[in-house]
Chemist: 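Here it is, the structure in full.
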Number of protein chains: 2
Amino acid sequence: MAATMKDIARVTGLGLATISKYLNGGTVRPKNKKLIENAVRDLRFVPNEFARSLKTSQSRTVGVVIPELGNQFITSIITSMEDILRKHDYAVIVCDCRTDAKREKDAVTFLVHKRVDGLISMPTDTTGAHLQPALDAGIPIVLVDRMLKSLNGLVSAVVVDNVDAAEKATRFLLQSGHDEIGLILGNEGIYTTQKRREGYLNAYAEFHCKPREELIRFSDYTMDGGYAAMKALLAQKTQPTAVFVTNFEMTLGAMLALNEAQLKVPDQISFIGFDKLDLFGAVFPNLTLVKQPQNAIGECVAKQLLRLLTDASSGPLHQIITLSTQLNEGSSTRIIQKPQ
Amino acid sequence: MAATMKDIARVTGLGLATISKYLNGGTVRPKNKKLIENAVRDLRFVPNEFARSLKTSQSRTVGVVIPELGNQFITSIITSMEDILRKHDYAVIVCDCRTDAKREKDAVTFLVHKRVDGLISMPTDTTGAHLQPALDAGIPIVLVDRMLKSLNGLVSAVVVDNVDAAEKATRFLLQSGHDEIGLILGNEGIYTTQKRREGYLNAYAEFHCKPREELIRFSDYTMDGGYAAMKALLAQKTQPTAVFVTNFEMTLGAMLALNEAQLKVPDQISFIGFDKLDLFGAVFPNLTLVKQPQNAIGECVAKQLLRLLTDASSGPLHQIITLSTQLNEGSSTRIIQKPQ
DNA sequence: CTCCATTTACGTAACGTTTCGCTATTGAAC
DNA sequence: GTTCAATAGCGAAACGTTACGTAAATGGAG
C-alpha cells in the first residue's frame, strides 16, 4: 500500500542507497534531487519509522514518569518540555504512576521495553530503585524537581534552589517582625522537603534564633495533608503569627483550613504559599508566594536530555542544574510589632 | 549486546520459529518450554519492539491530541485512559496543541508519521480538518468530549449528554423560582457550547417562557473569559438572579468576578458551576455543580479504542457513546420568591 | 510393532531501512 | 583531450522479528 524507498528507487531509476542518502540530508546531484523530490511527492512517501528504528536502534521517543498528572506544577513543566522535544522530533510517552512505588517501577520497565531513547523521572521515593532497569539498559535519565543522591553521577537533574527559596520566604517574614512562623513541609524523606526545611532554619539562624520544633509540620504534599497540618498548627496553645506552606496542593488545603477557622489573612495571620499557577489568581488573589520557574524547568529538562541524546561528548555527561525561585510579594503578609 | 531470539535458539538448540511461537503464546512441548524459559531468564532476553513493529506494522502506541494539558478536566480523563491503555501494553503519546489549529494539525501529522495505532482527539475546532492525515492513513480515531458531525461514521466519539446536563441545571434554577438565569457558554462554534445552550433553552421551554437574549453570553472556556462574561452579566440593568456557567475554568473566573463585586452566594445570586474537581472542594466548598464523569469518559475512550484496535469485526465499527452527568446540589443556590 | 492422525518444530523469506566498501562519474587543470 | 582528485551512486548485507508451508515427532489404536 504505502510507498517505500524501493518504489522511489524504481521510479527514479536510482539506487536504494542514494535515496537513503538524500533522505538523511546527504548531497545528491541536483538533477537527482529533483527526481527524488518529485517521486516522494507523487507516491506520498513517508519513511517507515519501524524499519528506521530497527536499523538505528533509536525510537526518537522519550518516556516521562510522574507521580500525578492532575498536579498543575507537573503538567506545566511537561507542557513546555513536550513542546521542545516534539520540535526535535521526539515523541513523549507519559506514564502517571499515581505516587505508587509499584506503578512507578512498572512504568520504567514498560518504557525500557518500549525502548525509549531517554527517560525523565520525578521520583516518588528517595532511593531511585525504580530506575535500575533504565540504568542497566544505558538509557539516559534526567530527574526533575528531586535529586537522588544515590544516583549522583549516573543521572542528570534539574531542580530549583529550594534552600534559597525557603530562606527568602522565611527571611521576609522574620524581617516583618514575625518570629513564630509555622512551616508546612512534604514527606520527611523527600529531597525538596529536606532542602526547604534547611532554608527555613538558615533564615532563623541569620536572625540568631531558633524556631520552636512544633512549628515545623511534616505532611505529604496533598491538599488534605496541607489542611490537616494547618489545623494542627492552629490547635497549638501558641499560634503562629505567620505560616509558610511549601507546595501548591498544601497551600490550597492550608488556606481552606484558615478560611474555616475564620482567620483573616493577613490581619490575623500572615501567609506565604508556593507555586504561582493561574488558578491562584482567581481564588486567592494577591497571595504572597514562592514562584518556581516551571517553564524554565521544562525547557531545561528537555535541553538537558537532548544533549545526552545527541552529543554525548561535550562536557561532563551528567549535570545537576539548579534554577532559582522568586518571592512574589502579594498582600497576604503584614508587618507586625513584636510584643516585647 | 542484548540477546536476540537467535541467541535463545542457539542456546536451546531449537529453531527460531519455535521461539517465536512460544513468545507469542503458542504451545510448545513442556520440555522445550522450560528450556526456553531458562534461556530467556539467563540471557535477560527482551523482544525487540522495533523488529516486531516492522513485521507486524503495529507500534502498540496511541496518540492523544488535546488543547491544554493544564486543564484539569482533560488531565483527569487522560489519567484513567492511560491507565487502561498501558495495562493493555499500549503507550500513550501526549501532544498538547495549546488550542492552536496549526499545532493541532502538526501534532496529528507527527503522530501519523510515528505510526501510532490509534488516535484520540479533543478537537479545538468544529471542522476536524486536522484529522485528515490520520483518516487517510486508516488510523482509528476516537473523539473525546466533542463530536464533529462532518466525521460521522468515520470516527468514534465519547461525549456526555450536554443537553440533559444544561437542562437539569437550568430546570433546577427555574424550579427554585429564578427566571432571570444568566448562561455563560464557550466559543459559539463548539459542539459542547451548542448542546449546552440547547439544554438551557429546553428547560425554559418546559416552563413556557423564554430567556432574554442578553442573558446568554458566549465566551471561550477560559478563566479570563468567564470572568469577563460574568462582569458583563452583572453590568446589565436587569441583573440575573442566578447564573449557570458551563465549564471549570469559566466557573473559577465567574466566581472571581462575583467575589470582586462583593455579591454573596447564594444570598444575592444563585450559582451553578461545572465540573467537579478536587480543587473546588478547597476553594468554593459546596458549590452546586454539574458533574461530568471524567473517569468513566477516560475508561470509555480507552475501551472504545481498544475495540477498534483489536476485534475490528464486532458490531458497527464506529459508535457515538453518550454518558450522563449529575447535578451535585451544594449550597450555592437558593429558592426565591418571584416578585410578582 | 506399525500405521496414521495430530501436534509441534523448523527453514526461509519477508518487513523497509541504513551503511560499508567500492565503482562510476564529474569537471577543473594541464 | 587526458589525467586525477573529489564527489555521487550502487549492490548487498545486515537489524530482529513473524509467518508460511512443510517436515518431523508423538502416541493411541489396531
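Within every chain, numbering begins at 1; the chains are lettered A, B, ... in the order of the sequence lines, protein sequences first and strands thereafter.
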Chemist: By the 4.0 Å heavy-atom rule, please label A/Phe45 as base, sugar-phosphate, or nothing.
Modeler: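 Answer is sugar-phosphate: A/Phe45 comes under 4.0 Å of backbone atoms only.
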
Chemist: For A/Val94, which of A/Ile66, A/Ile120, A/Val65 qualifies under side chain to side chain contact (heavy atoms under 4.5 Å, CB included)?
Modeler: A/Ile66

Chemist: Measure the distance from CD on B/Glu49 to C1' on D/dC15 and round it to the nearest whole Å.
Modeler: 15 Å

Chemist: How many Å lie between CD1 on B/Ile19 and C1' on C/dT12, as a whole number?
Modeler: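 Taking CD1 of B/Ile19 and C1' of C/dT12, I get 16 Å after rounding.
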
Chemist: Could you tell me whether the side chain of B/Arg146 and the main chain of B/Pro123 form a donor-acceptor pair under 3.5 Å?
Modeler: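 Yes; judged by distance alone, with no hydrogens or angles, the pair exists.
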
Chemist: Using heavy-atom distances to pick each residue's nearest nucleotide on DNA chain D, tell me which of B/Thr56 and B/Arg29 is more 5'.
Modeler: B/Thr56

Chemist: Look at A/Glu37 together with A/Lys34 and state whether they make a salt bridge at an N to O cut-off of under 4.0 Å.
Modeler: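 Salt bridge flag = no for A/Lys34 with A/Glu37.
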
Chemist: Please tell me which of the listed nucleotides, C/dC10, D/dC15, D/dT18, lies nearest to the side chain of A/Leu54?
Modeler: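 Side chain of A/Leu54 sits closest to D/dC15.
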
Chemist: Tell me what B/Thr4 touches on the nucleic acid: a base, only sugar-phosphate, or nothing, going by heavy atoms under 4.0 Å.
Modeler: sugar-phosphate

Chemist: Does any part of the side chain of A/Ile93, heavy atoms only, come nearer than 4.5 Å to the side chain of A/Val64, both counted from C-beta?
Modeler: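 No, their side chains stay 4.5 Å or more apart.
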
Chemist: At under 4.0 Å, does any side-chain N or O of B/Arg52 touch on OP1 or OP2 of D/dG16?
Modeler: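 Result: no.
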
Chemist: Below 4.0 angstrom from OP1 or OP2 of C/dT8, is there any side-chain N or O of B/Asn32?
Modeler: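 Result: no.
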
Chemist: Is the shortest side-chain N to carboxylate O distance from A/Arg103 to A/Asp96 below 4.0 Å?
Modeler: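 A/Asp96 and A/Arg103: not salt-bridged.
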
Chemist: D/dG9 P sits how many Å from A/Lys33 NZ, rounded?
Modeler: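 It works out to 12 Å between those atoms.
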
Chemist: Considering heavy-atom distances to DNA chain C, does A/Asn48 or B/Gly13 have its closest nucleotide positioned more toward the 5' end?
Modeler: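 First, find each residue's nearest nucleotide; the 5'-ward one identifies B/Gly13.
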
Chemist: Rounded to the nearest angstrom, tell me the gap between atom NZ in A/Lys21 and atom P in D/dA8.
Modeler: 6 Å

Chemist: Looking at C/dT19, C/dC10, D/dT17, which one has an atom nearest to any side-chain atom of B/Leu16?
Modeler: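 Among C/dT19, C/dC10, D/dT17, the one nearest the side chain of B/Leu16 is D/dT17.
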
Chemist: Taking atom C1' of D/dG16 as reference, at what distance in whole Å does atom CG of B/Leu43 sit?
Modeler: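 Result: 15 Å.
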
Chemist: Write down the distance between CE (B/Met5) and P (C/dC10), rounded to a whole number of angstrom.
Modeler: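 B/Met5 atom CE is separated from C/dC10 atom P by 12 Å.
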
Chemist: May I ask you to verify if any side-chain N or O of A/Thr18 is less than 4.0 angstrom from the OP1 or OP2 atom of D/dA8?
Modeler: no

Chemist: Any N or O donor-acceptor pair linking the side chain of A/Lys55 to the base of D/dA14 at under 3.5 Å?
Modeler: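 Donor-acceptor pair under 3.5 Å: yes.
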
Chemist: How many Å lie between NZ on A/Lys31 and P on C/dG27, as a whole number?
Modeler: 9 Å

Chemist: Has A/Ser20 got a side-chain N or O lying under 4.0 Å from the OP1 or OP2 atom of C/dT18?
Modeler: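 The answer is yes; a side-chain N or O of A/Ser20 sits under 4.0 Å from OP1 or OP2.
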
Chemist: Taking the nucleotide of DNA chain C with the nearest heavy atom to each, does B/Ser57 or B/Thr27 sit closer to the 5' end?
Modeler: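 Nearest-nucleotide comparison on DNA chain C picks B/Thr27.
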
Chemist: What's the separation between atom CD1 in A/Ile19 and atom OG1 in A/Thr4, rounded to the nearest 0.5 Å?
Modeler: 10.0 Å

Chemist: Check the distance between D/dT18's P and B/Lys6's NZ and give it to me in whole angstrom.
Modeler: 14 Å

Chemist: Under 4.0 Å, counting only non-hydrogen atoms across every strand here, what does B/Leu14 touch: a base, just sugar-phosphate, or nothing?
Modeler: sugar-phosphate

